[in-house]
Amino acid sequence: MKKIGIISHDAGGAEILSSWVKENYNKYDFIFFLDGPAKSIFKKNLKTNNINKDNLCANEFINLCDFLICGTSWQSNLEKNFIKTCKLKKKKIISILDHWFNYRERFILDGEVILPNEIWVTNDYAFEIAHTVFKDLKVRQIEDYYSNILKKKIKKYSKKNLLKETQKILYVCEPIREHAELQYGDENYHGYTEESAVRYFLENLRLLDMTIKKILIRPHPSEQIIKYNWLLDEFKYLNIKISSENELIEDILSSDAVIGCESMALVVGLLAKKRVISSIPPEGRECVLPHQSIEKLKDIKL
């Protein structure tokens, strides 16, 4: 049985990669090198605590593997350093892409583009983009096991009556400012930040033309829960709560609409057949999510 090394840090890639591992768990011998949000995501999805190869450096870990699969991260250079070392050792490494933006930039390390041997994507949109960006690299579209799992959860939770009308809005956050500062040296590089986007949304609730009794703010897995507590004071005339306990899919299913900038959670909202709206303000760049059914708050007119 082939031994496959799994490397992951950020939440988005960890969800997709752990779903693929779960589906193929009996076909390969997996070992894991995880850090950041990926640790808890793999533990949750694989239902095990035995997911890290203890006390191994990257070189030792690579030497144990027949080949490796990694996610991509903006918070960490973990995967990029593994790609670099694998290329030097002539060991095959595959990267799974989990979004539709900044494909080439995901592989820049110290100003150099360091690409894996192969790219995997899970949908038609990503396949088309990746083929365009990586013309000389093998791009493969694999089964979207993450979406399959989400669809099963949606069916399961629907039996618990979470799909009823709630008059509640879910707002999903993402660390846009930190990402822009790290990658471009300018926290307002995209023309907006997570703070300006959520403020734009709350100041324009009337555009939704919905009865809203509660607004649930869900921080990104990489963010501190208290990051958005300022909203409770600035918009104290609204019934705002911070989500910290439920699974994402539970928060989505118990809401009437899912709002955010360009988070993967918006795509999950579409799977759940919710109204989905991007809150990027007029001065910001266009939403990079390619899904036509995502509304744009700045385009809504009463």
Query raised in the report: Just checking, is any N or O donor in the side chain of K274 or S255 under 3.5 Å from an acceptor N or O on the other one?
Result: no

Query raised in the report: Between the side chains of E23 and N148, is a donor N or O closer than 3.5 angstrom to an acceptor N or O?
Result: no

Query raised in the report: How far apart are the closest heavy atoms of P175 and H220, and which atoms are they?
Result: CD-CG, 3.6 Å

Report summary line: Using a 4.5 Å side-chain heavy-atom cut-off and chaining through intermediate ILVMFWY residues, the residues clustered with L88 come out as none

**Report entry** I217 backbone acceptor or donor facing S243 side chain under 3.5 Å
**Finding:** no

**Report entry** Closest non-hydrogen atom pair, Q141 against D124
**Finding:** NE2-OD1, 3.0 Å

**Report entry** Heavy-atom donor-acceptor pair, Q167 side chain to T211 backbone, under 3.5 Å
**Finding:** no

Query - Short side-chain to backbone donor-acceptor contact, T122 and E143, under 3.5 Å - result: no

Requested in this report: Starting from Y184, walk the hydrophobic network (Ile, Leu, Val, Met, Phe, Trp, Tyr; side-chain heavy atoms closer than 4.5 Å) and list everyone else you reach, by chain and number.
Outcome: Y189

Expected list for residues 63-73: side-chain donor-acceptor pairs under 3.5 angstrom, two or more places apart:
residue : atom : partner : partner atom : Å
N63     : OD1  : K89     : NZ           : 3.2
N63     : ND2  : N59     : O            : 3.2
D66     : OD2  : K3      : N            : 2.7
T72     : OG1  : R106    : NH1          : 2.6
S73     : OG   : D10     : N            : 3.2
S73     : OG   : D10     : OD1          : 3.4
S73     : OG   : E79     : OE1          : 2.9
S73     : OG   : E79     : OE2          : 2.9

**Report entry** salt bridge (charged side-chain N to carboxylate O under 4.0 Å, His left out) contacts in which one or both residues fall within residues 195-211, not counting sequence neighbours
**Finding:** R177-E195, R199-E234

Requested in this report: Quick one: which residue pairs count as a side-chain hydrogen bond (donor to acceptor under 3.5 Å, both in side chains) with a foot in residues 109-121, not counting sequence neighbours?
Outcome: K92-E118, E118-W120

Report summary line: For F201, the ring pair (Phe, Tyr, Trp, His ring centres under 6.0 Å) test, sequence neighbours excluded, returns Y171

Let me check something: any side-chain donor-acceptor pairs from residues 288-302 under 3.5 Å, sequence neighbours excluded? List them with distances.
residue : atom : partner : partner atom : Å
E295    : OE1  : R275    : NH2          : 3.1
E295    : OE2  : R275    : NE           : 2.8
K296    : NZ   : E286    : OE1          : 2.7
K298    : NZ   : E286    : OE2          : 2.6

Report task. Measure from the side-chain N and O atoms of N24 to the backbone N and O of K27, and report whether any donor-acceptor pair falls under 3.5 Å. Result -> no

Query raised in the report: Of all residues at least two apart in sequence or in a different chain, which pass the ring pair (Phe, Tyr, Trp, His ring centres under 6.0 Å) check with Y146?
Result: none

Report task. Report the residues that fulfil ring pair (Phe, Tyr, Trp, His ring centres under 6.0 Å) with F127, sequence neighbours left out, ordered by chain and then residue number. Result -> H131

Requested in this report: Could you tell me whether the side chain of S196 and the main chain of T193 form a donor-acceptor pair under 3.5 Å?
Outcome: yes

**Report entry** Closest non-hydrogen atom pair, V276 against G269
**Finding:** CG2-C, 3.7 Å

Report task. Could you list the residues that satisfy side-chain hydrogen bond (donor to acceptor under 3.5 Å, both in side chains) with E194, not counting sequence neighbours? Result -> K227

Query raised in the report: Can you name the residues that form a ring pair (Phe, Tyr, Trp, His ring centres under 6.0 Å) with H179, not counting sequence neighbours?
Result: W74

**Report entry** Linked hydrophobic residues, I149 as query - side chain contacts closer than 4.5 Å
**Finding:** none

Report task. Would you check if the distance from the ring center of F30 to the ring center of F42 is below 6.0 Å? Result -> no

Query raised in the report: Do E15 and K44 meet the salt-bridge criterion of a basic N to acidic O distance under 4.0 Å?
Result: yes

